[in-house]
**Student:** 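Here it is, the structure, as structure tokens.
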Amino acid sequence: MSTDKQPETTVKVEKRINGKWCFVIKFRGVTYPAQGNFTSMLEAQAAAQSVLNGLEKRG
């Protein structure tokens, strides 16, 4: 078993080169690639939270 203290779930919101925002989710060891071309960081955060809630409900 791993002894590192990294969280099981991480969400990164980042700005792309074209000025749009996207998010990357790592959930239970699976990294879901960058999603979205949002015009603001707040939109990307809200979408990421919605996706994360769906993943948690799924199992």
Side-chain angles (χ1 to χ4, degrees):
M1 198 185 299
S2 179
T3 59
D4 58 352
K5 303 277 191 229
Q6 292 185 354
E8 197 171 301
T9 302
T10 59
V11 178
K12 285 186 180 180
V13 176
E14 49 194 40
K15 196 169 193 176
R16 293 185 175 188
I17 294 172
N18 65 2
K20 301 287 185 173
W21 292 87
C22 65
F23 63 88
V24 177
I25 294 178
K26 184 175 181 184
F27 182 72
R28 295 186 180 163
V30 177
T31 301
Y32 296 88
Q35 300 289 317
N37 278 315
F38 302 100
T39 56
S40 72
M41 184 178 7
L42 186 60
E43 287 178 352
Q45 289 171 335
Q49 185 64 44
S50 176
V51 170
L52 186 59
N53 286 343
L55 288 171
E56 288 173 345
K57 285 181 183 176
R58 194 172 73 181

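Computation of the quantities below employed the complete heavy-atom set of this structure, encompassing side-chain atoms and omitting hydrogens, waters and symmetry-equivalent molecules. Quick note: residue numbers are just sequence positions, from 1.
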**Student:** First locate atom OG1 of Thr9, then atom CZ of Phe27, and finally report the distance between them rounded to the nearest 0.5 Å.
**Tutor:**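 Here the interatomic distance stands at 5.0 Å.
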**Student:** Could you report the tightest heavy-atom contact between Ile25 and Ala48, atom names first, then the distance?
**Tutor:**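 Reported closest heavy-atom pair: CD1-O, 3.7 Å.
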**Student:** Under a 4.5 Å side-chain heavy-atom rule over Ile, Leu, Val, Met, Phe, Trp and Tyr, are Val51 and Phe38 clustered together?
**Tutor:**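 Same cluster.
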**Student:** Measuring only between side-chain heavy atoms, which start at C-beta, is Cys22 closer than 4.5 Å to Gln35?
**Tutor:**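 Result no, sub-4.5 Å side-chain heavy-atom pair not found.
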**Student:** Do you reckon Val24 sits in the same ILVMFWY cluster as Leu52, going by side-chain contacts under 4.5 Å, direct or chained?
**Tutor:** no
**Student:** Kindly work out whether a path of hydrophobic side-chain contacts (I/L/V/M/F/W/Y, heavy atoms less than 4.5 Å apart) joins Val11 to Met41.
**Tutor:**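 Result: yes, single cluster for both.
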**Student:** Can you tell me how far apart CZ (Phe23) and CD (Gln49) are? Round to the nearest 0.5 Å.
**Tutor:**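 Rounded to the nearest 0.5 Å, the CZ-CD separation comes to 10.5 Å.
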**Student:** Could you tell me if the side chain of Trp21 sits less than 4.5 Å from the side chain of Thr39, heavy atoms only?
**Tutor:** no
